[in-house]
There are 2 protein chains.
Amino acid sequence: MPRELSPAMEDYLLAIYRLESDDRRVTTGDIAQELGVSAASTTSMFKRLAQERLVVYREYGGVTLTEAGRASAIGLVRRHRLAERFLTDLLALPWDDVHRIADRLEHALPPEVIERFDGLLNHPRTCPHGHPIPDAQGELPERAMRPLSALAEGEEAVILQVEERDPELLRYFAERGLRPGRRVAVLDREPLEGALLVAVNGRPTLVSPRAAASVFVNGEVEA
Amino acid sequence: MPRELSPAMEDYLLAIYRLESDDRRVTTGDIAQELGVSAASTTSMFKRLAQERLVVYREYGGVTLTEAGRASAIGLVRRHRLAERFLTDLLALPWDDVHRIADRLEHALPPEVIERFDGLLNHPRTCPHGHPIPDAQGELPERAMRPLSALAEGEEAVILQVEERDPELLRYFAERGLRPGRRVAVLDREPLEGALLVAVNGRPTLVSPRAAASVFVNGEVEA
DNA sequence: AGAAGGATTTAGACTCGTCTAAAAACGTCC
DNA sequence: GGACGTTTTTAGACGAGTCTAAATCCTTCT
Ligand SMILES: [Mn+2]
Ligand SMILES: [Mn+2]
Ligand SMILES: [Mn+2]
Ligand SMILES: [Mn+2]
């Protein structure tokens, strides 16, 4: 009964998983935007996913993942992030390339290969961009995070993860040493545009507002 | 203009490539049988491949590969065999599994990854089953071969490659030490059924006719 | 409560890759 | 040179995944 899911179905499930939160159901429009497809396509995929009991679909009311749907999505996250780790650590490919490559590979990697990656890489906890890798049981650690842009002047923190989907942004991060594990401190905030002066590994670095919103550091978001 | 080919198109091109020979054009029926699809499907794919100038299609007369079509097929062979080598050598997966896995991966591996495999594995010359890997320019060495079953009593030879598509057969080969590089000598031939008594690395081993027809050794085929 | 505006679903079309069944062409054998 | 059996092509259908345009529903605002 858990026939193999098509790449398209997996991509929709993943998008739903990413956008899902306790308070808000995921709507047709959300997914259409996230995946760059039409709302009509999304409606028809919602129905197909519902047929397979991967989501609960309410007309005009969006979807929520079932347990099976969530498990599939988390499985895909695991495949994607382990693939990325493999590509950077073993094949030495640049971190701004691997997301795109993993986005195709993730659909073609059988469990044997994934588990070998995991072993060979010594059970990595995160992808190269700092995002946590679910374990084989689908468990994922909760981490308190806030964007670098939320830090007050004088505050210090450690980079946990960065937004991974824009290669240009990733190259910019790499140049400036903004990568997971690095210690940062906000030296100055430019109130008008929102630019930050940040000490990265001691070195003062100017960080644009968009970049600062795409870098996440440890700590609780303000209430 | 060289848009990315679909997995299906690649599979057809590969099948045509495998069956192509100087004297005989590849027919609809050949490919239908090779790929386990209907003749009707094959006809319609022939037309699509012809549209893309990957084959020359003659109604009721089969196809031949164009240069572009041959290049695509050889590229796929390179991806497949390097993927297999990676799976056995780096991930330590069994040689009877890797053909199946590579059959999916081959369609999802971008050039960067393939060239990293090639480097990391030290430019391997063959896949785990002994089949030669085309180089990045699509060059493939010609090798004179004959089936083990063609050896006369008393003859000696070295295994070059084995038929790779039947996992059961591969496990049988592995058990008996029949793998590329091994020296074999025919001690006795059983005329009725065609079974052979073969010395493999010195050890006398009974080899069934089907197996002996699937193991290829060095030497010219008789005229 | 009714109307406006926005989101969602439906309708209908298209491509790709597949199938079965029927029609057409081919090649061989008398 | 025609008849027959085989091969190939055509015709028509289907599912997956996508689109655009039109219809419908929902929400909110007056
Ligand atoms: Mn994907
Ligand atoms: Mn990542
Ligand atoms: Mn394949
Ligand atoms: Mn092989």
Side-chain angles (χ1 to χ4, degrees), chain A residues 1-16 19-21 23-64 69 72-73 76 103-104 106-108, chain B residues 1-16 19-21 23-64 69 72-73 76 103-104 106-108:
Chain A
M1 89 207 59
R3 274 202 344 281
E4 181 147 357
L5 304 181
S6 69
M9 288 170 94
E10 291 190 329
D11 285 340
Y12 278 89
L13 286 176
L14 180 62
I16 296 165
L19 299 185
E20 206 178 43
S21 67
D23 39 349
R24 202 158 140 291
R25 296 175 66 88
V26 179
T27 70
T28 305
D30 292 341
I31 297 302
Q33 173 156 49
E34 176 82 2
L35 294 182
V37 297
S38 70
S41 300
T42 303
T43 297
S44 87
M45 183 57 90
F46 277 3
K47 290 178 175 176
R48 248 176 294 149
L49 294 173
Q51 200 111 39
E52 301 290 332
R53 301 270 181 274
L54 295 163
V55 302
V56 176
Y57 169 52
R58 246 179 24 211
E59 268 195 12
Y60 296 98
V63 289
T64 52
S72 286
L76 187 65
D103 245 337
R104 293 199 58 188
E106 62 190 3
H107 305 288
Chain B
M1 86 210 59
R3 274 203 345 280
E4 180 147 2
L5 304 181
S6 68
M9 287 170 96
E10 292 189 328
D11 285 341
Y12 278 90
L13 286 176
L14 180 62
I16 296 165
L19 299 185
E20 208 178 41
S21 67
D23 37 349
R24 203 158 140 290
R25 296 176 65 89
V26 178
T27 70
T28 305
D30 291 342
I31 297 302
Q33 173 156 49
E34 176 82 1
L35 294 181
V37 297
S38 70
S41 300
T42 303
T43 296
S44 86
M45 184 56 91
F46 278 3
K47 290 179 174 173
R48 249 177 290 153
L49 294 173
Q51 200 112 36
E52 301 289 334
R53 303 270 180 273
L54 295 163
V55 301
V56 176
Y57 170 51
R58 245 181 24 212
E59 267 194 12
Y60 296 98
V63 289
T64 52
S72 286
L76 187 65
D103 246 337
R104 293 199 57 189
E106 62 189 2
H107 305 289

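Residue numbers start from 1 in every chain, and the chains themselves are labelled A, B, ... in the order their sequence lines are given, proteins ahead of strands.
One atom, CG of B:Asp11, and another, C1' of C:dG17, lie 12 Å apart when rounded to the nearest Å. One can place CD of B:Gln51 at 13 Å from P of C:dG17, the figure rounded to the nearest angstrom. Straight-line distance from the CG atom of B:Leu49 to the C1' atom of C:dC16: 12 Å, rounded to whole Å. Between the C1' atom of D:dA16 and the CD atom of A:Glu4 lies a distance of 15 Å, rounded to the nearest Å. When the P atom of D:dT6 is taken as reference, atom CG of B:Asp30 falls 17 Å away, rounded to whole Å. In this structure, B:Tyr60 atom OH and C:dG27 atom C1' are separated by 13 Å, rounded to whole Å. Spacing between atom CD1 of B:Ile31 and atom P of D:dT9 amounts to 12 Å, rounded to whole angstrom units. We find that CZ of B:Arg48 is positioned 11 Å from P of C:dT15, with the value rounded to whole Å.
In this structure, the side-chain hydrogen bond (donor to acceptor under 3.5 Å, both in side chains) partners of A:Glu20, at least two apart in sequence or on a different chain, are A:Arg70. Every side-chain hydrogen bond (donor to acceptor under 3.5 Å, both in side chains) that B:Arg104 has, sequence neighbours left out, goes to A:Glu4. Considering only residues two or more places apart in sequence or on other chains, A:Thr27 meets the side-chain hydrogen bond (donor to acceptor under 3.5 Å, both in side chains) condition with A:Asp30. The side-chain hydrogen bond (donor to acceptor under 3.5 Å, both in side chains) search around B:Ser38 returns B:Ser41, not counting sequence neighbours.
Listed by first and then second residue, the salt bridge (charged side-chain N to carboxylate O under 4.0 Å, His left out) pairs that reach into residues 31-47 of chain A are A:Arg18-A:Glu34, A:Glu34-A:Arg165, sequence neighbours excluded.
Take the nearest nucleotide of DNA chain D for B:Gly61 and for A:Pro7: the residue whose nucleotide is more 5' is B:Gly61.
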Go through it in stages, so that I can follow the logic: the residues are B:Leu49 and B:Leu13, the test is side-chain contact (heavy atoms from CB on, under 4.5 Å), and I'd like the CA-CA distance, side-chain angles, deciding distance and then a yes or no. CA-CA 8 Å; B:Leu49 294 173; B:Leu13 286 176; 4.1 Å; yes

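An OP1 or OP2 oxygen of C:dT18 is reached within less than 4.0 angstrom by a side-chain nitrogen or oxygen of B:Tyr12. When the side-chain nitrogen and oxygen atoms of B:Lys47 are compared with OP1 and OP2 of D:dT10, one or more of them lie within a distance under 4.0 Å. Contact annotation: A:Tyr57 side-chain N/O to C:dT9 OP1/OP2 distance is under 4.0 Å.
The two atoms that bring A:Tyr12 and A:Val37 nearest to each other are OH-CG2, 3.5 Å, heavy atoms only.
Here the nucleotide nearest the side chain of A:Thr28, chosen from C:dT8, D:dG17, C:dG17, is C:dT8.
For the segment residues 32-44 of chain B, the set of residues with a heavy atom within less than 4.0 Å of an atom of DNA chain C comprises B:Gly36, B:Val37, B:Ser38, B:Ala40, B:Ser41, B:Ser44, in numerical order.
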